[in-house]
2 protein chains.
Amino acid sequence: MSAGAQRERKPRADVQRNRAALLETAQRHFLQHGVGTSLEAVAKEAGVGPATLYRHFPTREALLAAVLQTRSEELVARQADIDQLGDPAEALEQWLRAMEEYFSAFSGLPDPLMAAARAQEPDNPLTIPCHILISATDQYVRAAQLAGRVRASVRGHDLFLAACSVAWIKGTGTEEESLDRLRTLIASGYRRQDTQA
Amino acid sequence: MSAGAQRERKPRADVQRNRAALLETAQRHFLQHGVGTSLEAVAKEAGVGPATLYRHFPTREALLAAVLQTRSEELVARQADIDQLGDPAEALEQWLRAMEEYFSAFSGLPDPLMAAARAQEPDNPLTIPCHILISATDQYVRAAQLAGRVRASVRGHDLFLAACSVAWIKGTGTEEESLDRLRTLIASGYRRQDTQA
DNA sequence: ATCAAAACGGATGCTGCCTCCGTACTTGGT
DNA sequence: ACCAAGTACGGAGGCAGCATCCGTTTTGAT
């Protein structure tokens, strides 16, 4: 009441119920079948018609972005822990691993992520999250550089790409051992004064 | 004649014509629309029915492998040049670039390539080529290691993965400048006694 | 209880994949 | 030149997924 400016109706109950059901089901399907999973199947299993899914999430990316929202928040939460670390090199390392896990949430995720990172598509719902991640990476890189632990030529964007690549390779089913070797290679690439193995 | 063992008929003329037309058209479509291009469209433009395409090439990978055959030979030819180089480190570098270009022939190519590299699918027509490339890379790596120019911990397979990653990123439309930065990062990762930039 | 706005979902048209099967073509022999 | 046997062809068709339209139902407000 009072001088209330909210002239709008209260949002309908079924909207929220359907949205929640869609998100829940979509997450399960993305986990099981990758980002290319059938949206029709998601709708059916969520107990709604296809049109309802498309009304809530006009594109596959929109649905993906919404499902990813939860995980993004987990990532932000992790940042707090990482920032506690005294060693900026260690912080960067952990941050990269955290990003890589985020990128590996669903098989096939790196592709739409890269498409969004390239930006120039301001309506892509994944673009904003991507740029936030790149900025964050750059922060960690700069801190480590100030401490003399990372080569001066490295930028956050480079390591964003590297983490995305590793996640992509992981998604193709490569063995964990090969991934570790690749991670080591990359780490040798950005670190300063490392032991020439 | 003579003690001829060739009891077989001469292969029909239309078979070869159709095969050639299909390969030619497929290459164009792969170039323009990536490896995911519509096979139906390829068949139609080659002037044959869908069944003919599938009879010649039972799977998309089979067609892809056949189209790639030409380019594979170019790659092998390049090896001769590269082997002429006195410097094994330089040779490795050029070999990696050559592989990367090969992987970037069509957009989307790295995915089926990685799937084949993981092997365990002996009937995948791309598996053999992949393993040949990995072996070749290992040769170059070992030579460079003997010359003390590459870290001892690095293996050919690692750099195969790295080259594949770069090609994948290139395929997503990333700017060439970013790619160069990534290549530099990787090079710093495998080289010994480099100038800590 | 009633109304209008809001949301729903089945039906639909489209594209691409892949296979079956009747037909047409090529080869080798006469 | 012709024929028979075998080979390859290609249109038709079933299936799955995408995305949209529009008549119907649900919902919140009065």
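Throughout, protein chains are lettered first and strands after them, A, B, ... in sequence-line order, and every chain is numbered starting at 1.
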Return the nearest nucleotide to the side chain of [X]; candidates are [options].
| X | options | result |
| --- | --- | --- |
| A:P50 | D:dC9, D:dA19, C:dG28 | D:dA19 |
| A:A51 | C:dA5, C:dT26, C:dG9 | C:dG9 |
| A:S38 | C:dC18, C:dT26, D:dC18 | D:dC18 |

*Touch check for A:R60, heavy atoms < 4.0 angstrom, all strands: base, sugar-phosphate only, or nothing?*
sugar-phosphate
Whole-Å distance separating the [atom1] atom of [X] from the [atom2] atom of [N]:
| X | N | atom1 | atom2 | result |
| --- | --- | --- | --- | --- |
| A:K44 | C:dC8 | NZ | P | 19 Å |
| B:E40 | D:dG14 | CD | C1' | 13 Å |
| B:N18 | D:dA8 | CG | P | 11 Å |
| A:D14 | D:dT25 | CG | C1' | 10 Å |
| A:E45 | D:dG17 | CD | P | 13 Å |
| A:R55 | C:dC8 | CZ | C1' | 6 Å |
| B:F57 | D:dC9 | CZ | P | 11 Å |
| A:Q16 | D:dT27 | CD | P | 13 Å |

Short N-O contact, [X] and [Y], less than 4.0 angstrom:
| X | Y | value |
| --- | --- | --- |
| A:K170 | A:E100 | yes |
| B:D158 | B:R155 | no |
| B:E175 | A:R118 | no |
| B:E74 | B:R78 | no |

